[in-house]
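Read through the structure below, which is laid out as C-alpha cells, and then see the notes.
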Amino acid sequence: MVNGMANEATLPPAGINAGLVHNVKDDVYGLTLGVMFIAIGLYMLKLADMITGGVAGMALLFSYLVELPIGLLFILTNIPFMLFCYVRMGRAFTLKTLIVNIALAATSQIVPHLQTVTYIHPLFAALVGGTFIGMGVLSLARHNASVGGTGVVTLWLQARFGINAGKTQMLLDLLLFTLSSSLLPASLLLWSALSALAMNAMLMNWHKPGRYQG
C-alpha cells in the first residue's frame, strides 16, 4: 500500500515523457536550492517578527513563545507529519524530506551569521520572504520531497485526488492565522497573511499537473 501510494504520487501526467526523470545530481541541486530559498525566507520573516503559512509559520510562531533555534523547532513541529509522510508518501519521499529538515535546521542557524540586516520593511519581508519560501517548497516538490508539515498533506491530496495544493494550503493557513490572532498584533498578522499569500501563490500558479515533469 505504501509503495503503491508513493508510485501514484509521482506518476507523470498523461502525455508527458515518463523517461524524463531526475538523476542524483539533479536532486541534490534541486533540494539544495529549495533549502537555501526557505532558509532565507524564514530569516526575512523572523527579522520582521512575522509568521507565514504551513510548517514554516508554525515554527516561526513557536520561536516567539519558546527560546529554541527555529531549525530545531522546525524538526520538532514536523514529527507527526513525518509519520504521515512515511505512511502515505513512501520511504523515498520521507527520506528526502528528513534530509531536507536536517539541512534546513543547519542552514537556518548559519544564514544569520552570513549577512547583517539592520532594517527590513514588513511589505518587503512579506512579499519576498513569502515568495522565497514558496520557491523553496516548489523546488523540493519537483524533486519528490518537501519540508514536511501540512505541505505533505496538501501534496498528497493533490497527487491522490487532484485537489490543488496551494488552495488546500491556504485553507490550513487560515486556521493557523486564526489561532495566532491572540498572540500577534493585528498589523503583523496582516503582513503575515500577505506572506502566506505570496508563498501559496507559487504553488497555485506553478505546481500544476503537466506543467513540468522531471
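Computed from heavy atoms alone, side chains included, the values below leave out hydrogens, waters and symmetry copies.
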>> Suppose we screen for side-chain hydrogen bond (donor to acceptor under 3.5 Å, both in side chains). Which residues come up paired with T52, at least two apart in sequence or across chains?
In response: S195
> Any idea which heavy atoms bring P69 and Q109 closest together, and the distance?
Replying inline: CB-OE1, 3.2 Å
>> Among residues at least two apart in sequence or on other chains, which ones pass side-chain hydrogen bond (donor to acceptor under 3.5 Å, both in side chains) with D173?
In response: Q169, N200
>> With clusters defined by side-chain heavy atoms of hydrophobic residues (ILVMFWY) lying less than 4.5 Å apart, directly or transitively, does L42 cluster with I75?
In response: no
> Of all residues at least two apart in sequence or in a different chain, which pass the side-chain contact (heavy atoms from CB on, under 4.5 Å) check with I102?
Replying inline: L98
> Quick one: CG on D49 to CG on L47, what's the gap to the nearest 0.5 Å?
Replying inline: 8.5 Å
> Any chain of hydrophobic side-chain contacts (each under 4.5 Å) joining L183 to W191?
Replying inline: yes
> Is it the case that one hydrophobic cluster holds both F177 and L179, taking links as side-chain heavy atoms less than 4.5 Å apart, direct or via other members?
Replying inline: no
> Checking side-chain contact (heavy atoms from CB on, under 4.5 Å) for the pair I38/V100: CA distance, chi angles, key distance, verdict?
Replying inline: CA-CA 10 Å; I38 294 170; V100 164; 5.6 Å; no
> How would you list, by chain and number, every residue that makes a side-chain hydrogen bond (donor to acceptor under 3.5 Å, both in side chains) with S108, sequence neighbours excluded?
Replying inline: none
> What's in the same ILVMFWY side-chain cluster as L83, cut-off under 4.5 Å, chained through other members?
Replying inline: none
>> Working to the nearest 0.5 angstrom, can you tell me the gap between R160 CZ and M89 CE?
In response: 12.0 Å
> At what distance, to the nearest 0.5 angstrom, does OG1 of T154 lie from CD1 of I163?
Replying inline: 10.5 Å
> Out of curiosity, does L72 fall in the hydrophobic cluster containing M82 (side-chain heavy atoms, cut-off under 4.5 Å, transitive links)?
Replying inline: no
>> How close do G149 and V55 get, counting heavy atoms only, and between which atoms?
In response: CA-CB, 3.7 Å
> Do M202 and V137 have side-chain heavy atoms sitting under 4.5 Å apart?
Replying inline: no
> Would you find a donor on one side and an acceptor on the other, under 3.5 Å apart, between the side chain of N101 and the backbone of V147?
Replying inline: yes
> Atom CG of L171 and atom CG of L176: how far apart are they, to the nearest 0.5 Å?
Replying inline: 13.0 Å
> Which residues, ordered by chain and number, are linked to M36 in its hydrophobic cluster, where ILVMFWY side chains connect at heavy-atom gaps below 4.5 Å, directly or through other members?
Replying inline: none
> From D27 CG over to R142 CZ, what is the distance, rounded to the nearest 0.5 angstrom?
Replying inline: 13.5 Å
>> Could you measure the distance from the OG1 atom of T131 to the CG atom of L197? Nearest 0.5 Å is fine.
In response: 9.0 Å
> Taking side chain as C-beta onward, heavy atoms only, is N78 less than 4.5 Å from T97?
Replying inline: no
>> Please tell me whether L172 and M199 are part of a single hydrophobic cluster in this structure, the criterion being side-chain heavy atoms less than 4.5 Å apart.
In response: no
Could you pull out every donor-acceptor pair under 3.5 Å between side chains of residues 115-128 and any protein atom, sequence neighbours left out?
unit_1: H121; atom_1: ND1; unit_2: L123; atom_2: N; d: 2.9

>> I'd like to check the side-chain contact (heavy atoms from CB on, under 4.5 Å) partners of P185; sequence neighbours left out, ordered by chain and number.
In response: S187, L188
> Pairs in or reaching into residues 24-49: which pass ring pair (Phe, Tyr, Trp, His ring centres under 6.0 Å), with residues at least two apart or in two chains?
Replying inline: F37-F132
> Members other than V24 in its cluster, when Ile, Leu, Val, Met, Phe, Trp, Tyr link by side-chain heavy atoms under 4.5 Å?
Replying inline: V28
> Closest heavy-atom contact between F74 and A56?
Replying inline: CE1-CA, 3.8 Å
>> Applying ring-ring contact (aromatic ring centres under 6.0 Å, His included), can you list everything that pairs with F161, at least two apart in sequence or on another chain?
In response: W156
List the atom pairs, with distances to 0.1 Å, where a side-chain N or O of residues 58-65 and a protein N or O form a donor-acceptor pair under 3.5 Å, not counting sequence neighbours.
unit_1: S63; atom_1: OG; unit_2: K46; atom_2: NZ; d: 3.0
unit_1: S63; atom_1: OG; unit_2: L60; atom_2: O; d: 2.5
unit_1: Y64; atom_1: OH; unit_2: M50; atom_2: N; d: 3.1
unit_1: Y64; atom_1: OH; unit_2: M50; atom_2: O; d: 2.7

